[in-house]
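Numbering of ligands and ligand atoms starts at 1, following listing order. Sequential numbering from 1 along the given sequence is applied to the chain's residues.
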Amino acid sequence: MAAKPQSQYQFDVIVIGTGPGGEGAAMQAVKHGRKVAVVERYSRIGGGCTHWGTIPSKALRFAIFRMVEANSNPLFREAGVNVELTIPQLRKGAEAVINQQEDLRRGFYDKNGIPIYSGAARFVDPHTIEVCEDKGACERITAENIVIATGARPYRPPDIDFTHPRIFDSDTILSLSFTPWAITVYGAGVVGCEYASMFRNMGCKLNLVNTRNQLLEFLDDEICDALSYFLREKGALIRHGEQYERVEGVDDGVILHLKSGKKIKTDIFLWANGRTGNTDHLDLGKVGLTPDSRGQLAVDDRYATAVPNIYAVGDVIGLPALASAAYMQGRAAALHIIGDACAKLLAKDIPTGIYTSPEISSVGKNERELTAENVPYEVGHAQFKSLARAQITNQKVGMLKLLFHRETLALLGIHCFGANASEIIHIGQAIMNQPAPNNSLMYFINTTFNYPTMAEAYRVAALNGYNRLF
Ligand SMILES: Cc1cc2nc3c(=O)[nH]c(=O)nc-3n(C[C@H](O)[C@H](O)[C@H](O)COP(=O)(O)OP(=O)(O)OC[C@H]3O[C@@H](n4cnc5c(N)ncnc54)[C@H](O)[C@@H]3O)c2cc1C
């Protein structure tokens, strides 16, 4: 084999950011023998995902869930158990998980001999990055290819005073030092709905203000309706189609003035409306790249930007803005750099996992999309309340819904809400991703499932749908 020609650059790949997008790219490239370096401006490894997004929010959610579960268990109640923990107490568990995650991820870079340059990266030219530490010392490094995986941050409108102690965004809410009695969440996207569910489960009065007309409207309608129903059933007040006029912080709370004339006063206010890509300090003008008004970068199906040796992955390119997707996009970009033809397959059909109450997950098409495309599909449902496992665990709220082609029986979409929906979805995904004729509803009808399990929902839903055919 011919020796690789001596490169004029120090590295084959420089990755900016150590979140899931950056990690996916760095690990994939190094495993293929590429010389890789990463740059991270935060003092810790793991990205927003580990430190102020996915991990802390999911750890807090789990701690709240455990407390609520203990308090609502009749056996524990009879024994006099009543756990009343504050948000700061519940958050303590998250710190331990964050530390474990960080150690693990740092180990990946160390074991693979990837140097971590500590400081903020900015472009000097398409192959040169300048890394500047907080103290001001700067160093230049060069590479053949650069992957931008700098993530995103909450968008902050200039007319809202985020220095007010009762006004938060999804980053600062993690430093909340008390449990509020009432909260207004403005913005009903994934982050808004997740925090709304958590605070409601803590017993806080909840106002969820949605700028759109349906919660999480990218989901299947039945799932959106279920989320609205169960949030309302728990006492949440949801207002759709509203826009803020002014957010007024006062000593004992925050008043949200809506353009419709309504006013809502609560203890604290959480802004969860939009995110901005972290591109503003990258000096992208030096390489001729211009982010859009949300700070996001456009990429092609190889995750390459308009500059062919510069790639962008993760939240900095916008939706789906999920850690799971960011990691696969990072791997896909690295595979393209390496010249692997499998790369395009990697970041397709990304499932959604939404950790609301009830939990939601879906993959593939929804009924709206299939109807618009004139696909002859049929539906199969399984209600969790009819499953023995759900009855035993007392987690009866939920449903699995399979959408399949009525002629080929191929699965077209899987939609689920209820306990462990984000785990359950992957059983169906494994079948849906099979090439024809193996992607078939018949798999669930002809397979023996453990009993009692939640997985059994697949057999129930498949039979329910199959019996509709004529
Ligand atoms: C509250 C919340 C909950 C979420 N929950 C989930 C969930 O349950 N499941 C899920 O899949 N996703 C979830 N997400 C989304 C997920 O966190 C993001 O999609 C994911 O972190 C994106 O990864 P990334 O690598 O693109 O960016 P990030 O994880 O944000 O990492 C970017 C890194 O780049 C660094 N950086 C930025 N600029 C520079 C620079 N100039 N120089 C050097 N370094 C730089 C940053 O310091 C950071 O470490 C959640 C997000 C939020 C906010």
Side-chain angles (χ1 to χ4, degrees), residues 14-26 37-62 94 101-102 105 116-123 129-134 138 141 146-155 168-174 185 187 189-198 270-272 274-284 295-297 303 311-331 333 350-356 359-361 421-422:
I14 293 174
V15 179
I16 310 175
T18 60
E23 185 184 306
V38 297
V39 187
E40 175 53 62
R41 72 175 175 193
Y42 185 53
S43 54
R44 302 175 72 179
I45 296 302
C49 172
T50 305
H51 298 287
W52 50 87
T54 314
I55 297 297
S57 66
K58 298 304 100 75
L60 177 62
R61 175 185 187 264
F62 187 65
Q101 283 284 312
E102 188 189 356
R105 306 201 170 286
I116 301 168
Y117 286 82
S118 192
R122 58 180 198 84
F123 282 90
I129 295 291
E130 186 164 72
V131 186
C132 294
E133 289 175 14
D134 278 354
C138 293
I141 48 176
I146 314 243
V147 180
I148 302 172
T150 49
R153 61 181 183 275
Y155 163 68
F168 298 88
D169 64 25
S170 63
D171 286 356
T172 56
I173 195 74
L174 292 163
V185 177
V190 174
V191 171
C193 286
E194 287 190 357
Y195 271 111
S197 293
M198 277 190 252
L270 172 62
W271 172 266
R275 293 181 66 80
T276 303
N278 290 325
T279 45
D280 38 353
H281 299 298
L282 287 172
D283 246 345
L284 287 169
Q296 293 167 359
L297 285 167
Y303 298 98
Y311 292 74
V313 297
D315 283 12
V316 76
I317 62 169
L319 292 174
L322 290 168
S324 49
Y327 190 81
M328 294 308 264
Q329 291 168 355
R331 286 186 57 202
I350 291 165
T352 4
I354 303 172
Y355 298 87
T356 39
E359 189 169 308
I360 292 171
S361 194
S422 55

Problem - Distance (rounded to the nearest 0.5 Å) between D283 CG and F123 CZ - result: 10.0 Å
Handout entry: ligand 1 atoms in contact with G19 (distance to a heavy atom under 4.0 Å)
Key = 25 (O), 29 (O), 31 (O)
Problem - Protein residue, atom and distance nearest to atom 1 (C) of ligand 1, heavy-atom basis - result: Y195 CE1, 3.7 Å
Problem - Residue-ligand contact R153/ligand 1, heavy atom below 4.0 Å - result: no
Practice task
For ligand 1, indicate whether the residue I16 contacts it via side chain, backbone, both or neither (heavy-atom separation under 4.0 Å).
Solution key: side chain
Exercise for the section: Please report which non-hydrogen protein atom sits nearest to atom 10 (C) of ligand 1, along with the residue it belongs to and the distance in Å to one decimal place. Expected result: A323 N, 3.4 Å
Completion exercise
for atom 40 (C) of ligand 1, nearest protein heavy atom and its distance come out as A121 N, 3.7 Å
Fill in the blank from the handout: If you scan protein heavy atoms around atom 27 (O) of ligand 1, the nearest is G151 CA, 3.3 Å
Handout entry: Spacing of OG belonging to S170 relative to CD belonging to E194, to within rounding of 0.5 Å
Key = 10.5 Å
Practice task
Can you sort out which atoms of ligand 1 are near A120, meaning under 4.0 Å from one of its heavy atoms?
Solution key: 42 (N)
Handout entry: A321 neighbourhood, listing ligand 1 atoms whose heavy-atom distance to it stays under 4.0 Å
Key = 15 (C), 19 (O)
Problem - Y42: partners by ring pair (Phe, Tyr, Trp, His ring centres under 6.0 Å), with sequence neighbours left out - result: H51, W52
Problem - Enumerated ligand 1 atoms positioned under 4.0 Å from heavy atoms of G47 - result: 29 (O), 31 (O), 48 (C), 49 (O)
Handout entry: G21 N/O under 3.5 Å from ligand 1 N/O
Key = yes
Practice task
Find out whether N278 and R41 are in side-chain contact, i.e. whether some heavy atom of one side chain is under 4.5 Å from a heavy atom of the other.
Solution key: yes
Fill in the blank from the handout: Near G17 (heavy-atom distance under 4.0 Å), the atoms of ligand 1 are 33 (C), 34 (O), 35 (C)
Completion exercise
Contacts satisfying side chain to side chain donor-acceptor pair (under 3.5 Å) that involve residues 15-26 (not counting sequence neighbours) are T18-E40, E23-R105
Handout entry: 4.0 Å heavy-atom contact, G330 with ligand 1
Key = no
Completion exercise
The atoms of ligand 1 lying under 4.0 Å from a heavy atom of Y355, numbered in the order shown, are 8 (O)
Handout entry: Point-to-point distance, once rounded to the nearest 0.5 Å, from CG of L282 to CD1 of I148
Key = 5.5 Å
Handout entry: Residue part near ligand 1, for R275, under 4.0 Å between non-hydrogen atoms
Key = side chain
Practice task
Please determine if E40 has a nitrogen or oxygen closer than 3.5 Å to a nitrogen or oxygen of ligand 1.
Solution key: yes
Practice task
Specify side chain, backbone, both or neither for L282, according to which of its non-hydrogen atoms lie closer than 4.0 Å to ligand 1.
Solution key: side chain
Practice task
Identify the protein heavy atom lying closest to atom 19 (O) of ligand 1, giving its residue, its atom name and the separation to 0.1 Å.
Solution key: D315 OD1, 2.7 Å
Problem - Enumerated ligand 1 atoms positioned under 4.0 Å from heavy atoms of K58 - result: 3 (C), 4 (C), 5 (N), 6 (C), 7 (C), 8 (O)
Practice task
Answer yes or no: does an N/O atom from T54 fall short of 3.5 Å to an N/O atom of ligand 1?
Solution key: yes
Handout entry: Contact check: L322 vs ligand 1, nitrogen or oxygen atoms, below 3.5 angstrom
Key = yes
Completion exercise
Looking only at protein heavy atoms, what sits closest to atom 3 (C) of ligand 1 is S57 OG, 3.3 Å
Practice task
Could you say whether the N/O atoms of R41 and ligand 1 ever approach to under 3.5 Å?
Solution key: yes
Handout entry: G314, any N or O under 3.5 Å of ligand 1 N or O
Key = no
Problem - Pairwise distance CG(D315) to SG(C49) - rounded to 0.5 angstrom - result: 9.0 Å
Problem - Protein heavy-atom partner closest to atom 28 (P) of ligand 1 - residue, atom, separation in Å - result: G48 N, 3.4 Å
Exercise for the section: For the residue pair I141 and V39, establish whether any side-chain heavy-atom pair is separated by less than 4.5 Å. Expected result: yes
Practice task
Heavy-atom contacts with S324 under 4.0 Å: which atoms of ligand 1 show up? List them by number with element.
Solution key: 11 (O)
Handout entry: Atom pair CE (M198) and CZ (R61), whose distance is rounded to the nearest 0.5 Å
Key = 7.5 Å
Exercise for the section: Check whether any N or O atom of S170, backbone or side chain, sits under 3.5 Å from an N or O atom of ligand 1, and answer yes or no. Expected result: no
Exercise for the section: Measure A149 to ligand 1 on non-hydrogen atoms and call it side chain, backbone, both or neither using the 4.0 Å cut-off. Expected result: backbone
Problem - V316, any N or O under 3.5 Å of ligand 1 N or O - result: no
Exercise for the section: Starting from atom 51 (C) of ligand 1, find the nearest protein heavy-atom neighbour and note its residue, name and distance. Expected result: G53 CA, 4.0 Å
Exercise for the section: Look only at interatomic distance and state if V191 has a nitrogen or oxygen under 3.5 Å from any nitrogen or oxygen of ligand 1. Expected result: no
Handout entry: Test of proximity, C49 against ligand 1: N or O pairs below 3.5 Å
Key = yes
Exercise for the section: Drop me the distance from C138's SG to I129's CD1, to the nearest 0.5 angstrom. Expected result: 12.5 Å
